[in-house]
Structures are given as structure tokens and as C-alpha cells.
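First up is the structure itself, then whatever we jot down about it.
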Amino acid sequence: MKRVLLEICFGINVLLCLAIVPLLLTVLLGNDSIYSFLKSESGYPLRLLNIPLLILWVNNFVIWSKKDKNMGQLALLLFFNFYYNPFYYRSAVKNKWI
């Protein structure tokens with residue numbers, strides 16, 4: 001059951017990483033309609049997608065503290081958490097830490 005929940009969180013994280021690219025492009029081009037939508041009341045359900053990201057991030061920290069202990073990995077998890085989460089999760093699966 002835990003592995004299924006983590007796989008769902010992983011999938012949401014990957015989808016949001018892919019969705020951030022068009023969002024950045026629209027903001028760089030000067031269109032702030034997506035930002036306004038996300039800040040409005042109707043964009044609130046999309047903000048709830050941060051919960052699975054947080055679950056995966058905390059799980060990666062637990063795995064790091066029990067199995068990995070590499071300071072480079074910790075720095076990447078801390079500073080690039082949203083983008084590095086899927087990569088660290090897949091390496092943990094590959095090393096059979098999950």
C-alpha cells in the first residue's frame with residue numbers, strides 16, 4: 001500500500017515538473033493569466049497537489065537518513081526538492097531501499 005501511494009505521488013510530481021515549463025514560458029512572455037488563476041479561489045484545488053509532493057519529499061528524507069547518508073544527495077533534496085524528488089525516488093527504488 002505504501003509503495004502504491006509513493007508511486008502516485010511520484011507520478012504527480014513528474015506531471016507538475018512537466019507542467020511548470022509552459023507556466024514559466026507564459027510568465028516570461030508577459031502573460032500572467034495562469035498566475036492570476038492559481039491565486040484565485042477557483043485555482044485552490046490545484047494548490048492541493050502540493051500535498052503529494054510533500055509526502056514524497058518527506059519519504060525521501062526518511063530514506064536518506066536510514067539508507068543513504070550521502071551529503072551531496074541531501075543538498076540536492078534540500079535545494080532542488082521539487083525537481084530532484086523523482087530522480088532520488090527512482091534511485092531508491094533501483095537500490096531496493098523501498
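Scope of the values below: all heavy atoms of this structure, side chains included, with no hydrogens, waters or symmetry mates.
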Assigning hydrophobic clusters by single linkage (Ile, Leu, Val, Met, Phe, Trp, Tyr; side-chain heavy-atom cutoff under 4.5 Å), is [X] placed with [Y]?
X	Y	result
Leu6	Leu53	no
Phe80	Phe10	yes
Leu56	Leu48	no
Phe87	Val58	yes
Phe79	Phe61	yes

In the structure I gave you, are the side-chain heavy atoms of [X] and [Y] within less than 4.5 Å of one another anywhere?
X	Y	answer
Asn13	Tyr89	no
Phe82	Leu16	yes
Asn60	Asn81	no

Inset, instruction - Might you point out which heavy atoms bring Asn85 and Leu77 nearest each other, and give the distance in Å? - result: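 Minimum heavy-atom separation between Asn85 and Leu77: OD1-CD2, 3.9 Å.
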Legend entry - Pro22 to Leu18 - nearest heavy-atom pair and separation: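 Nearest heavy atoms, Pro22 then Leu18: CD-O, 3.3 Å.
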Report, one line per pair, each donor and acceptor closer than 3.5 Å where one atom sits in a side chain of residues 91-98; sequence neighbours left out.
residue : atom : partner : partner atom : Å
Ser91   : OG   : Tyr88   : O            : 2.8
Asn95   : ND2  : Ser91   : O            : 3.2

Legend entry - Test item: Trp64 side-chain N/O and Gln73 main-chain N/O as donor-acceptor pair under 3.5 Å: no
Inset, instruction - In sequence, state the C-alpha distance, the side-chain angles, and the governing distance for Leu76 and Tyr83, and then conclude on side-chain contact (heavy atoms from CB on, under 4.5 Å). - result: CA-CA 9 Å; Leu76 288 171; Tyr83 298 107; over 6 Å; no
Legend entry - Summary of salt bridge (Lys or Arg N to Asp or Glu O under 4.0 Å) pairs that have at least one residue in residues 53-71, sequence neighbours excluded: none
Inset, instruction - Name all residues meeting the side-chain contact (heavy atoms from CB on, under 4.5 Å) criterion together with Ile8; count only those two or more places apart in sequence or in a different chain, and write none if there are none. - result: Val4, Ile12
Legend entry - CH2 on Trp57 to CG on Leu78, rounded to 0.5 Å: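 One gets 6.5 Å once the value is rounded to the nearest 0.5 Å.
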